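Working notes for the structure below.
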Amino acid sequence: MIAKVLIQWHTKHGRKNLPWQKNFDPYHIWVSEIMLQQTQVATVIEYYQNFLKKFPTILSLANADIDEVMQSWSGLGYYRRARNLHDTAVMIRDSFKGQFPNRYEDLIKLPGIGRSTAGAILAFSFNKKYPILDGNVKRVFSRLYGIEGWSGLTLVEKKLWGIAQELLPDKSIRIYTQALMDLGATICKKNNPECPQCPLIKQCLAFNKKLTHLIPASKPKKDLPIMDTNILLIENAKTILLTKRTEKKVWQGLWSLPEVDSTDPRVWVKKNLYIHQSQIITQGTKTATFSHYKLRMHFTHLNVQIKNDMNQIKNTIWMPLEEIEGAALPSPIKVLIKQCYKLK
DNA sequence: TAGACGTGGGC
DNA sequence: TGCCCAAGTCT
């Protein structure tokens, strides 16, 4: 019954013109689903189009250099997704003869594809009867059935998956799945849901009990810890010194400004670079907020003149200023660099 | 299983 | 402004 109502609602009110809705190509669907993880539709659209232009087929992605993939992902965040995307493309090329798998057991083993993304690929691309459970769907079901408690709790999540599985229709899974997400995105919103427009208003427990503002329950909040770091913006003849972040932590695989222990930048510069002279241009602090901590970046912008026989430091490059914007750098670092050149 | 993992929209 | 959170997954 619920599925039928949703499918009918979708014919008039569903979203049908998103860039990844032009065909059912599993490669296209997969790329969009990965990009859309924890990322809003409006943000994804441009990245998606650029990405497919650069990597039109799964083979072109598999054969690409990871650095190129990171460059395309720069600014989107959660960079592990880009590495997983590339790894998965290689696996499909080598272990599946380039054919995108269409079985749940195969999909779930691929890096970056969890239960919900596997369900989305199966539903959208292959019209197979599998559930999804993203933020939209969690919100819709939580309200519809008056599920209390934060959806991150194991028990709550289990209930929601159960509902997702139970309500699945035998036919039109593709439309049904899209309808569910569209309802969550456009009507059953977190704040100020438009209940009068909702096709499920009569059977919605949260609406009938006037609990839509309390369901779904918010994630328990915690104060974000503050981390401090010292970074250097070293300029030499219109180029900037960048280091690749190879450690398995935030911004892995991206180029960034060197991070140093010393609060006096000249110590690091003297130790690592052969220079004629160095001159501090500006110093300051900029804070970047992540989902799990705040990073206070104490930066020093300085100008150096490198000797010809400078020593090469591992994983570093001097990047021309004009190439920074299009390179694989984290957003806050790009902003910081831009600000420094306004300040000057 | 709780924490790591980014960034920007919206209020 | 500051806070919540978005088409989640991995460890």
Side-chain angles (χ1 to χ4, degrees), chain A residues 14-15 18-21 28-48 70 73-85 87-88 107-125 130-140 150-158 160-161 164 177-186 188-193 213 216-225 227 245 247-254 256 287-295 328-335:
Chain A
R15 293 176 293 184
L18 295 168
W20 42 89
Q21 294 178 321
H28 295 188
I29 301 292
W30 167 57
V31 170
S32 73
E33 288 301 327
I34 300 300
M35 286 190 170
L36 287 160
Q37 289 171 359
Q38 300 290 284
T39 311
Q40 296 182 359
V41 169
T43 305
V44 166
I45 290 176
E46 195 178 347
Y47 280 90
Y48 174 80
M70 297 311 289
W73 209 268
S74 171
L76 244 197
Y78 285 141
Y79 297 95
R80 181 72 60 82
R81 293 183 295 175
R83 305 175 88 66
N84 286 339
L85 210 58
D87 288 347
T88 288
L107 289 172
I108 198 70
K109 287 179 193 157
L110 297 168
I113 299 182
R115 188 171 174 185
S116 190
T117 299
I121 293 169
L122 290 167
F124 288 136
S125 203
Y130 283 84
I132 63 162
L133 192 62
D134 65 359
N136 291 311
V137 180
K138 283 179 178 174
R139 194 166 51 253
V140 169
W150 173 53
S151 64
L153 298 171
T154 307
L155 180 64
V156 176
E157 175 142 25
K158 204 169 177 179
L160 291 171
W161 272 114
T177 305
Q178 190 60 52
L180 205 47
M181 301 174 101
D182 289 351
L183 188 75
T186 63
C188 193
K189 298 174 292 182
K190 169 77 177 163
N191 301 310
N192 307 113
H213 62 299
S218 310
K219 176 181 176 173
K221 66 171 165 189
K222 285 175 183 163
D223 292 335
L224 299 181
M227 320 282 262
R245 296 179 67 94
E247 288 181 80
K248 211 178 177 79
K249 53 181 191 182
V250 79
W251 296 340
Q252 187 190 7
L254 296 186
S256 190
T287 302
T289 303
F290 298 96
S291 41
H292 49 308
Y293 63 90
K294 291 181 189 222
L295 183 64
L329 273 64
S331 288
I333 298 295
K334 283 187 182 175
V335 171

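Being a predicted model, the structure only gives us computed values, none of them experimental. Lettering of chains follows the sequences in order, A, B, ..., and the numbering in each one begins at 1.
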Original post:
Between C:dT9, C:dA7, B:dT1, which nucleotide gets closest to the side-chain atoms of A:Asp134?
Top reply: C:dA7
Original post:
5'-most contact on DNA chain B: A:Tyr293 or A:Trp150, nearest heavy atom basis?
Top reply: A:Trp150
**OP:** Just call it for A:Ser116: base, sugar-phosphate, or nothing, with non-hydrogen atoms closer than 4.0 Å on any strand.
**Re:** sugar-phosphate
**OP:** Whole angstrom is fine here: how far is it from CD1 in A:Ile333 over to P in B:dG6?
**Re:** 13 Å
**OP:** Keeping the roles fixed (side chain from A:Glu33, backbone from A:Ile113), state whether a donor-acceptor pair exists under 3.5 Å.
**Re:** no
**OP:** Scan A:Leu110 against the nucleic acid and name what it touches under 4.0 Å (heavy atoms): base, sugar-phosphate only, or nothing.
**Re:** sugar-phosphate
**OP:** Using a 4.0 Å heavy-atom cut-off across all strands, classify A:Arg83 as base, sugar-phosphate, or nothing.
**Re:** nothing
Subject >> For atom CG of A:Leu180 and atom C1' of C:dA7, their distance in whole Å >> reply: 11 Å
Original post:
Which nucleotide sits closest to the side chain of A:Gln37: C:dA7, B:dA4, C:dT9?
Top reply: C:dT9
**OP:** Give A:Trp20 one of three labels, base, sugar-phosphate or nothing, depending on what nucleic acid heavy atoms sit under 4.0 Å from its own.
**Re:** base
**OP:** Determine the interatomic distance between P on B:dG3 and the same-named atom on C:dC4; round to the nearest Å.
**Re:** 16 Å
Original post:
Touch check for A:Ser32, heavy atoms < 4.0 angstrom, all strands: base, sugar-phosphate only, or nothing?
Top reply: nothing
Original post:
Toward the 5' end of DNA chain B, which comes first, A:Asn192 or A:Tyr78, by nearest nucleotide?
Top reply: A:Tyr78
**OP:** Have a look at A:Gly75 and say if it touches a base, only the backbone sugar-phosphate, or nothing, with a 4.0 Å heavy-atom cut-off.
**Re:** sugar-phosphate
Original post:
Between the base of C:dA7 and the side chain of A:Arg15, is there a donor-acceptor distance below 3.5 Å?
Top reply: yes
Subject >> Length of the CG-C1' vector between A:Leu295 and B:dA4, whole Å >> reply: 14 Å
Original post:
In whole Å, what is the span from the CE atom of A:Met227 to the P atom of B:dG3?
Top reply: 14 Å
Subject >> Minimum-distance nucleotide to A:Arg139 side chain [options: C:dA6, C:dT9, B:dG8] >> reply: C:dA6
Subject >> Closest listed nucleotide, where the reference is the side chain of A:Gln178 and the choices are B:dT1, C:dA7, C:dC5 >> reply: C:dA7
Original post:
Ignoring hydrogens and angles, does a donor from either the side chain of A:Thr43 or the base of B:dG8 sit under 3.5 Å from an acceptor on the other?
Top reply: no
**OP:** Using a heavy-atom cut-off of under 4.0 Å over every strand shown, decide if A:Thr39 touches base, sugar-phosphate, or nothing.
**Re:** base
Subject >> Under 3.5 Å: donor-acceptor pair, side chain of A:Ser74, backbone of A:Leu329 >> reply: yes
**OP:** Kindly point out which of B:dG9, B:dT1, B:dG6 is positioned nearest to the side chain of A:Trp251?
**Re:** B:dG6
Subject >> Distance in angstrom units between A:Asp87 CG and C:dC10 C1', rounded >> reply: 13 Å
Subject >> Donor-acceptor side-chain pairing of A:Asn84 and A:Arg81 below 3.5 angstrom >> reply: no
Original post:
When we call it a touch if two heavy atoms are under 4.0 Å apart, what does A:Leu76 touch: a base, just sugar-phosphate, or nothing?
Top reply: base
**OP:** Using the P atom as the reference point in each nucleotide, state the distance between C:dA7 and B:dA2 in Å, no decimals.
**Re:** 24 Å
Original post:
Considering only B:dC5, C:dA7, C:dC3, which nucleotide approaches the side chain of A:Lys294 most closely?
Top reply: C:dC3
Original post:
Hey, is the main chain of A:Trp161 close enough, under 3.5 Å, to the side chain of A:Arg115 for a donor-acceptor pair?
Top reply: no
Subject >> Between B:dG3 (C1') and A:Leu224 (CG): distance, integer Å >> reply: 12 Å
Original post:
In terms of side-chain heavy atoms of A:Lys222, which of C:dG8, B:dG8, B:dG3 is nearest?
Top reply: B:dG3
**OP:** Could you work out which one of B:dT7, C:dC5, C:dA7 sits closest to the side chain of A:Leu18?
**Re:** C:dA7
**OP:** For A:Val137, answer base if it contacts any base atom (sugar-phosphate contacts may also be present), sugar-phosphate if it contacts only those atoms, and nothing otherwise; contact means non-hydrogen atoms under 4.0 Å.
**Re:** nothing
Original post:
How many Å lie between CZ on A:Arg80 and P on C:dT11, as a whole number?
Top reply: 7 Å
Subject >> Selection from B:dG6, B:dG8, B:dT1 that lies nearest to any side-chain heavy atom of A:Thr154 >> reply: B:dT1
Subject >> Nearest-nucleotide pick for A:Pro330, side chain only, options being C:dT9, B:dG8, B:dT7 >> reply: B:dT7
Original post:
Do A:Ser116 side-chain atoms and A:Ile132 backbone N/O form a donor-acceptor pair below 3.5 Å?
Top reply: no
**OP:** Please report, rounded to the nearest Å, how far the P atom of B:dG9 is from the CD atom of A:Gln38.
**Re:** 16 Å
